[in-house]
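Comments concern the structure below.
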Amino acid sequence: MPKYDSQKVEKKWQKKWLEEKVYEPDLKNPKKPFYNLMMFPYPSAEGLHVGNMYAFTGSDIYGRYQRMRGNDVFEPIGLDGFGIHSENYALKVGTHPMEQAKVSEKRFYEQLQAIGNGFAWDEHLETYDPEYYKWTQWIFTQMWKRGLAYRKKQRVNWCPKDKTVLADEQVEGGKCERCGSVVEKRELEQWFFRITAYAEKLLQNIEKLDWSEKVKIAQRNWIGRSEGALLKFPVMGSKLSIEVFTTRPDTLFGATYMVLAPEHALVLELKEKISNWKDVEKYIESSKKKTEDERIAEGKEKTGVELKGVKAINPANKEEIPIWLADYVLSGYGTGAIMAVPAQDERDSEFAKKFKLPIRTVIEPITGEPRTDESERAGIVAIVEDPKTGKILSLDWRDGGGVLFVGGGIESGEDLIRCGVREIIEETGYKNLKFISSTETIHHHFHAFSKNKNRYMHAIGLYFQLENEEREKERLEDHEKDKFIVGWITKDEAESKVKDAMHQYIFQKLIRGKCYSGPGLLANSGKFSGMDSEKAKWEITKFVGGEKKIQYRLRDWLISRQRYWGPPIPMVYCEACAKENKGEQKEMPGWFAVLENELPVELPKVKDFRPQGKGESPLASVKDFYETTCPGCGGKARRETDVSDTFLDSAWYYLRYLDPKNEKEVFDKKIIKKWLPAEMYIGGAEHAVLHLLYVRFIAMVFHDLGLVEFDEPFKRFRAHGLLIKEGAKMSKSKGNVVNPDEYIKKFSADVLRMYLMFLAPFDQGGDFRDAGILGIERFLNRTWKLYESEGKKNKTSPAFHRAVKKVTEDIESLHYNTAISALMILLNEFEKEGIAPEEKVGFVKLLAPFAPHMAEEIWREVLGHKTSIHKEMWPEYDEKLIKEESFTLVIQINGKVRASVEVPIDISENRAKETALGNERVCALLDGKELKKVIYVPKKLINIVV
RNA sequence: GCCCGGGUGGCGGAACUGGCAGACGCGCAGGACUCAAAAUCCUGUGAUCGCAAGGUCGUGUGGGUUCAAUUCCCACCCCGGGCACCA
């Protein structure tokens with residue numbers, strides 16, 4: 001038998017698989033269709049990243065396994081080649097994106113071949129192929145026809161480096177997701193998709209999806225549904241009123257002022273009445289100029305200006321309240337105005353404190369949480385005695401906010417009750433809770449404590465910081481010093497004691513509760529006082545004539561990009577029609593979709609494809625491109641010159657895969673019906689709210705257009721983890737990107753595949769270090785050797801059946817690392833015990849998804865089969881054979897393992913106990929001791945308590 | 001600040017509904033083979049005390065529940081990811 005030459009063998013099978021069409025299911029007539037989708041990559045032309053390979057391998061193992069389960073697995077591949085990412089690369093290397101795309105495509109596809117995935121190459125597609133983007137544009141026209149695409153002037157995110165607008169989803173912490181530049185705000189007219197129309201459905205459907213939980217949570221948060229009320233606050237001496245959205249209408253009586261976003265339209269309407277207009281104007285200007293970054297740099301420091309001369313009326317208590325302008329209120333959310341309830345809202349509270357606005361408490365916590373009382377704030381030391389250990393613990397509360405023991409000290413027990421300390425004491429069982437003050441305020445408190453010692457507490461001791469020892473001794477001279485001073489601790493000791501759990505508990509409850517924003521009982525709220533806040537919400541809404549309202553955080557999808565490398569938006573604007581108010585949509589005169597038979601609107605090859613930076617695409621200076629005729633009147637018209645967001649390309653690619661060469665239709669409905677929704681979709685968690693939300697949205701629109709029957713495209717979605725390199729994220733800037741090619745050359749694709757999967761659980765990601773790769777190489781070499789040797793055993797072992805079970809279950813749950821470990825254990829067993837014929841067949845099948853090349857080589861060349869192993873049936877295991885006949889009974893004494901004996905699996909409890917108590921070692925250890933209890937856990941252990 | 005993950009030997013990681021912590025692999029040490037090295041094979045490998053039998057400690061920290069806690073409860077600390085003034 002020849003030595004295993006991985007390089008040759010892998011190339012041989014990759015070629016053969018293509019010839020034999022092993023991975024090409026019959027798309028039109030599948031028996032058991034199984035769509036195994038993987039997020040397609042953006043080709044960066046530097047080549048395939050080992051991180052891509054990690055993800056692809058994980059998906060492929062699953063696909064290969066499903067194929068061996070008798071499914072017609074469809075595992076397509078393509079390139080998400082349009083977009084800023086690819087365009088920027090082209091700019092960097094100075095090649096035209098169209099040329100660069102060809103280069104990247106070749107390179108990527110070669111690499112994707114080399115990793116040994118079972119891709120259906122016949123159906124490959126590229127988003128920059130006119131045959132593809134023809135349909136991307138067609139989708140745009142469908143959106144338009146359904147009223148889901150519209151133009152709007154809005155403050156949008158502008159990336160100064162990429163010179164284009166960005167969707168909200170593409171801005172991370174005020175910076176461009178791609179290049180990291182600080183995003184600016186620009187007022188531009190742009191195309192949007194009305195994704196908000198589907199907010200509720202996008203949210204509701206999440207429940208029925210079998211998706212990674214973290215992705216579901218991220219989507220829920222992104223959609224951000226909240227239930228509240230719309231309330232109107234009349235402006236004094238005018239017919240105008242300010243409408244606000246609030247989730248807490250129950251706090252209306254505590255609304256002591258209002259805030260409008262600086263962009264709020266009402267400000268201009270009130271201009272005449274505002275006495276300090278200059279200041280107001282200045283504030284508006286300055287907040288307009290502020291970039292996101294500046295806002296973040298300011299932190300949460302509130303700024304604002306009062307609209308002097310105007311007042312609003314609180315509809316609940318008819319109180320006149322001031323109106324402010326502040327940028328902590330966002331124009332894009334709710335109505336762009338709020339009612340401020342500083343007593344019950346953290347942000348309002350901050351603002352009110354800074355600008356000295358009145359604060360009125362309207363919600364009292366039911367459980368006795370602390371009240372905020374600004375005026376009474378100082379440091380406190382609490383001394384607590386643990387009732388069990390008698391240990392004295394202490395805590396220095398400095399600058400706390402919670403509270404009342406200070407200044408006036410504790411006047412009565414009611415104070416304690418009010419702040420909830422008693423509940424805490426009772427709850428925790430710390431009965432002897434004592435409080436004393438810090439050194440600064442000691443005299444004050446000393447008296448208070450002495451006086452109150454027979455009430456809810458009494459002081460037993462005072463701890464002082466060591467450095468003040470002398471001073472404090474002096475100060476205490478007059479008091480009952482000896483009785484109270486129990487010890488001295490250093491500052492460090494005091495600080496370490498702060499960490500004590502009991503204190504932290506109190507700390508949480510008393511000090512950190514800044515301003516109370518939870519539910520409770522209403523106070524200072526007229527006839528609603530005393531009512532439960534939940535109930536009061538709708539009662540008060542009704543009382544002031546407000547209406548219930550559901551608000552979403554989700555905003556419409558900004559689809560235009562002022563770049564070159566994307567599908568031109570297939571719209572035409574006719575000025576003449578606009579003047580006559582003609583057009584396809586009433587709200588948008590002059591606009592027409594390009595006719596279907598004129599699609600695609602081809603992206604012209606222009607020399608200067610550089611972004612312009614004027615809020616216009618490079619296409620805006622290509623006359624040949626934008627000059628066209630109006631589909632409405634036939635006159636001169638101008639094409640839209642923006643291109644669409646890359647995420648539109650990837651929002652429907654999975655549909656096109658099934659019929660990529662269809663020239664007549666976007667896809668074949670019959671085929672779609674057979675294959676979708678997809679059984680499995682695997683991809684990166686970084687797309688949790690971008691791609692994965694858009695793709696669902698487009699599917700829903702297709703559903704409503706009657707194009708598809710499903711309204712969710714993927715039954716299962718699993719996010720893979722992130723592959724990092726020696727503890728750090730792989731990135732070009734760090735220069736630690738690992739190229740799989742060299743590893744494939746040095747070892748083999750099989751070795752690299754298995755190594756990547758063995759690193760860590762697939763959904764967790766892993767740390768790529770060269771260190772462990774030898775282990776996998778050895779494993780595969782030993783496997784090869786095993787098949788070289790003659791089997792001398794005939795009977796299939798239970799170990800084999802156990803391994804089949806383990807590997808099967810692990811692949812299904814994507815726990816590839818433990819599946820591989822099970823294969824290793826089995827190999828160890830075979831090397832020791834020999835391998836039976838059935839095991840020889842089974843083992844190589846178990847290996848096939850992980851190391852497809854070697855498995856095929858063994859299957860065909862060594863075992864002499866004519867057809868591919870990858871179309872063989874997955875081995876079955878026999879539950880009966882897995883059952884053990886005996887088990888190791890562990891004998892514990894007081895929870896510690898003292899002995900173990902091998903006993904039959906069906907041993908009775910009594911018999912087991914007898915065995916345990918009869919054990920020599922146990923007898924010796926138990927000698928003379930009285931048995932208190934014997935616990936028997938079937939098939940596990942016996943614990944003898946003495 | 002909020003929401004998700006996570007914290008286990010020298011390292012990557014394993015441990016089902018609480019039941020022998022450290023599977024599997026890497027690394028390391030010792031041995032075999034070899035003139036030698038590599039490769040391969042065998043043995044050992046959490047810490048600590050002990051000549052040994054064996055004992056003690058040990059899953060981020062501090063508490064708790066339990067016959068028994070990596071696993072459950074409370075609080076805290078740290079790391080990774082996401083969101084971030086969303087009323």
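Lettering of chains follows the sequences in order, A, B, ..., and the numbering in each one begins at 1. These numbers come from the heavy atoms of this one structure, side chains and all, not from hydrogens, waters or symmetry mates.
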Numerically ordered, the residues 807-816 of chain A set in heavy-atom contact under 4.0 Å with RNA chain B is none

Practice problem: State whether A:Q764 places a side-chain N or O below 4.0 Å from either non-bridging phosphate oxygen (OP1 or OP2) of B:G13. | Solution: yes

Walking RNA chain B from its 5' end, the first of A:G775 and A:Y333 to be reached, judged by nearest nucleotide, is A:G775

*Expressed in whole Å, how much space separates the C1' atoms belonging to B:G50 and B:U56?*
11 Å

By nearest-heavy-atom nucleotide on RNA chain B, the more 5' of A:G332 and A:G766 is A:G766

Can you confirm whether the side chains of A:S748 and A:Y4 place a donor and an acceptor under 3.5 Å from each other?
no

Quiz prompt | Distance, P atom - from B:G5 to B:G54, rounded to whole angstrom | solution = 44 Å

In whole angstroms, the gap separating C1' of B:G1 from CD of A:E350 amounts to 10 Å

Suppose we call a contact any N or O donor and acceptor under 3.5 Å apart; does that hold for the side chain of A:K302 and the base of B:C85? yes

Compute the centroid of each ring, for A:Y877 and then for A:F800, and state whether the two points are separated by less than 6.0 Å. no

A correct 5'-to-3' footprint of nucleotides 17-24 of chain B, with B, S and - meaning base, sugar-phosphate only and no protein heavy atom under 4.0 Å, is --BB--BB

More than 12 heavy atoms from other groups under 6.0 Å of NZ on A:K216 | yes

Please give the distance between the C1' atoms of B:G12 and B:G63 as a whole number of Å. 32 Å

Check the phosphate of B:U40 against A:R778, side-chain N and O only, distance under 4.0 Å to OP1 or OP2. Yes or no?
yes

